[in-house]
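Everything on this sheet refers to the single structure shown next.
We're numbering straight along the sequence, starting at 1. Model, not experiment: these values are computed from the prediction. One-based numbering, in listed order, for ligands and for the atoms of each.
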Amino acid sequence: MKITDPIQFLKGVGERRAALLKKLGILCLEDLMLHYPRSYEDWQTVTGIQQAPIGEACCIRAFVDHTPAEQMIRQGMSLFKTTVTDGSGVLGITIFNNPWQAEKLREGEEFLFYGRVSESFFRREMSSPQIAPVEQACLHPVYPLTEGITSRQLGELVRRGLAEALPQVEETLPAALRQAYDLIGLREALRGVHAPADMEAAQAARKRLIFEELLLLQLGLRRLRTGDRTLLAPPLPKGAGEAFLTGLPFLPTAAQLRAVAEAEAEMARAVPMRRLLQGDVGSGKTAVAAALLYSAARSGCQGALMAPTELLARQHHATLRTLFADLLQGQTLPLEGCALLVGSTPAKEKRAIKAGLAAGTLPLVVGTHALLQQDVRFANLGLAVVDEQHRFGVRQREALENAQGEPGDAAEGAPQRSCHMLVMSATPIPRSLAMIIYGDLDISVLDELPPGRTPVATYCVGAALRERAYAYVKKHLDAGRQGYIVCPRVEDDGEPGGLAAAEQHAEQLSRDWFADYRVGLLHGKQKAKQKEETMRAFAAGELQLLVATTVIEVGVDVPNAVIMVIENAERFGLAQLHQLRGRVGRGAGSSTCILISDAGAEETRRRLDVLTQTNDGFAIAREDLRLRGPGEFFGQRQHGLPPLRLADMLRDAVLLEQTREAAQAITEKDAALAAPEHRALARAVERVFAG
Ligand code: ADP
Ligand code: MG
């Protein structure tokens with residue numbers, strides 16, 4: 001039987017079993033082989049009956065005193081009882097509704113019993129134990145299951161499948177690599193993960209398989225980025241960005257200067273820069289991006305800035321134009337040289353922008369996903385900046401950096417033109433995760449807020465205090481400040497209830513509580529024009545209060561807004577709440593965020609309390625990650641990555657670091673993975689990324 005053959009062909013798998021296995025994602029023999037155990041039951045360490053810890057799973061090896069006697073409880077319910085002895089004591093065994101298992105227990109024979117021991121006043125007992133012959137004193141794999149199949153049955157199939165499959169498995173890792181990182185062979189690892197001789201063997205097997213998983217992921221990501229080619233970016237002269245930054249109306253922070261210097265040093269080379277700029281909300285990432293874009297434009301290259309929402313793109317566009325105007329007074333870089341390309345840009349204007357980009361006459365463009373369209377080509381893109389990177393998928397980022405010249409116009413094997421790239425994120429990502437998602441990437445951190453900011457004082461209250469929260473908002477509005485009330489969007493954009501929540505709430509608030517104030521409404525389903533007008537009015541101070549959904553989460557910058565109330569705070573992730581509250585506290589003076597939540601669960605309260613206790617975005621992200629796991633943390637946005645079967649990015653940080661090292665060494669020597677010792681690796685990368 002071939003490794004790719006449908007699983008029905010395996011002995012013991014009929015139509016019914018095949019259907020069950022399909023639910024587990026097992027379609028062919030290989031899938032079965034890669035269906036790894038979740039954990040192991042230790043049937044190897046045998047405990048004496050007297051020594052067995054009460055209430056914990058353990059394995060007892062004992063002789064059957066007498067064949068179990070059946071006792072009928074009621075119609076259709078049977079119960080078998082016996083006792084077993086192991087020299088240290090006597091253990092009562094109870095079996096429910098399983099005559100088949102009971103029959104096996106012949107008087108005077110020895111068996112293994114796995115389960116939890118309880119103690120009544122006269123005897124120790126084990127109820128519904130798993131029972132196996134003494135030959136099976138080994139580690140028993142525990143598989144992820146679906147109803148209708150047991151771990152033991154699955155284990156049996158895997159054993160049979162492995163016998164067929166293993167001879168066909170080719171080693172993927174070169175011998176030198178295995179030796180350097182102390183890794184066992186692939187066949188041994190596959191056998192060891194399903195049927196380990198002991199815990200140590202299981203560990204060795206897992207280590208090898210996790211290493212491979214992480215290595216393939218990183219090699220694949222590199223390949224996705226470079227293909228087989230060497231990428232080249234235009235080298236940009238240093239210094240212009242730094243000069244720009246120091247020429248701004250405010251004093252740049254040391255962290256901003258450092259980030260710009262780091263990036264400029266790297267962009268001076270023909271090797272494309274790949275840099276992640278991490279900085280908490282309000283740390284001034286935009287100014288860093290502006291400085292670098294300016295630097296690119298000054299040297300005759302083009303620059304692009306991509307943002308996840310139209311609102312944010314528009315704001316960036318406006319910011320850049322102001323910054324450039326302040327410094328340049330239109331001399332070195334005409335303002336018309338910075339265009340805005342978003343979905344709602346009129347068709348005629350779009351055409352003109354695209355023509356300008358393709359001809360190289362338009363130096364700068366700010367936009368949304370609209371920049372990723374096939375027909376957006378750059379004549380000479382020097383730097384691409386992606387803001388709020390976590391909102392884009394890996395492949396979208398790649399699309400932007402490959403938008404040079406005509407698609408596929410380079411000769412086969414020739415170096416491919418690419419650009420420098422800066423991705424920005426306010427969601428601080430642990431280094432290990434960043435490496436997985438971004439592949440090989442350097443990180444600059446803005447670990448310093450511009451001076452004069454006071455942390456946003458954050459409180460968490462029940463809905464009973466809502467009116468007091470509103471009164472507090474009024475106090476601020478009366479004092480000439482502005483505020484936000486944020487409502488969750490139920491589920492996703494498509495959900496009508498979600499919009500109604502914000503809309504109705506705004507209406508209600510403007511009718512009763514805030515009848516004497518100017519209230520605006522902002523949500524994702526509004527027309528771009530309307531959103532823009534609302535934002536403009538709010539920024540200009542014409543509106544005092546903005547009732548909004550999370551569209552204001554990213555970027556929106558109004559320094560006079562100093563109070564925010566977040567309704568149903570439990571609906572949001574911690575990192576997201578932190579981003580939201582970053583909308584206030586943008587100017588000097590103190591600001592406040594009130595989280596309203598009635599989901600009274602202890603858990604929710606504890607979660608939200610993290611925000612009241614710290615303003616450190618990194619600490620919050622770590623906690624978020626711990627509570628929700630990396631999958632949730634990133635949502636569905638990082639699509640395009642193969643799933644990890646065994647590796648855990650937090651737990652396996654050491655292996656992650658090692659595989660990064662290894663991936664780098666391999667690609668430096670043999671980027672195409674064409675050397676004989678890398679062929680199997682190349683095939684494996686292809687397989688993993690094909691799915
Ligand atoms: P984020 O990092 O969250 O994207 P922004 O780039 O939007 O932050 O900056 C937040 C605010 O801080 C903006 O109003 C910006 O003009 C201002 N800002 C940026 N750098 C400085 C600085 N060095 N000193 C004072 N204000 C600054
Ligand atoms: Mg920003």
Side-chain angles (χ1 to χ4, degrees), residues 241-261 263 275-294 305-327 366-368 385-392 422-429 443-456 482 535 538-540 550-562 564 575-589 591 593 615-618 620-621:
E242 254 183 291
F244 175 91
L245 203 60
T246 40
L248 289 180
F250 46 71
L251 203 64
T253 65
Q256 284 172 317
L257 282 170
R258 194 174 54 235
V260 168
R275 185 168 285 273
L276 168 64
L277 179 63
Q278 265 185 7
D280 210 343
V281 280
S283 57
K285 294 185 289 295
T286 318
V288 172
L292 297 175
L293 287 167
Y294 170 72
L305 171 56
M306 182 164 76
T309 64
E310 201 160 315
L311 192 64
L312 191 53
R314 283 177 189 280
Q315 185 173 305
H316 279 333
H317 182 242
T319 304
L320 288 192
R321 286 173 72 116
T322 326
L323 290 180
F324 293 151
D326 269 3
L327 189 78
V366 179
T368 53
V385 181
V386 182
D387 195 17
E388 306 294 342
Q389 152 68 24
H390 62 290
R391 301 224 155 189
F392 294 96
L422 182 76
V423 302
M424 310 201 288
S425 179
T427 308
I429 302 159
I443 302 181
S444 292
V445 181
L446 296 186
D447 51 4
E448 185 183 353
L449 294 180
R453 301 268 170 83
T454 38
V456 180
Q482 290 162 283
M535 260 335 283
F538 188 66
T550 52
V551 287
I552 59 152
E553 175 192 349
V554 283
V556 180
D557 188 24
V558 179
N560 190 43
V562 295
M564 173 177 281
Q576 197 182 15
L577 286 170
H578 181 63
Q579 291 240 345
L580 278 169
R581 77 171 164 186
R583 296 311 109 209
V584 292
R586 302 226 120 201
S591 41
C593 177
N615 259 289
D616 177 348
F618 278 79
I620 290 164

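Close N/O approach between R583 and ligand 1 is not found [any backbone or side-chain N/O within under 3.5 Å]. By the 3.5 Å distance cut-off applied to N or O atoms, G282 is counted among the residues near ligand 1. Some N or O of G284 is nearer than 3.5 Å to an N or O of ligand 1, by distance alone.
A 4.5 Å side-chain heavy-atom check between L276 and S425 finds at least one atom pair inside the cut-off. A heavy-atom distance below 4.5 Å is not found between the side chains of V386 and L422. Proximity of M306 to D387: side-chain heavy atoms (C-beta onward) are nowhere separated by under 4.5 Å.
With respect to K285 and D280, no salt bridge is recorded, no charged nitrogen being found less than 4.0 Å from a carboxylate O.
Among the candidates V456, D616, I620, the single residue satisfying the side-chain contact (heavy atoms from CB on, under 4.5 Å) test with H578 is I620.
For ligand 1, the atoms closer than 4.0 angstrom to any heavy atom of L251 are 22 (C), 23 (N), 24 (N). Taking every heavy atom of T286 and a limit of under 4.0 angstrom, the matching atoms of ligand 1 come to 4 (O), 5 (P), 6 (O), 7 (O). Listed by number with element, the atoms of ligand 1 under 4.0 angstrom from any heavy atom of T253 are 23 (N). Distances below 4.0 Å separate heavy atoms of S283 from the following atoms of ligand 1: 2 (O), 8 (O).
Under the 30°/60° scheme for interplanar angles, the aromatic rings of Y294 and F324 are found to be tilted.
For A289, the side-chain contact (heavy atoms from CB on, under 4.5 Å) partners at least two apart in sequence or on another chain are V385, M424.
By the criterion of a heavy-atom distance under 4.0 Å, neither the backbone nor the side chain of M424 is placed next to ligand 1.
Distances shorter than 4.0 angstrom occur between a heavy atom of P252 and an atom of ligand 1. Distances shorter than 4.0 angstrom do not occur between any heavy atom of A426 and any atom of ligand 1.
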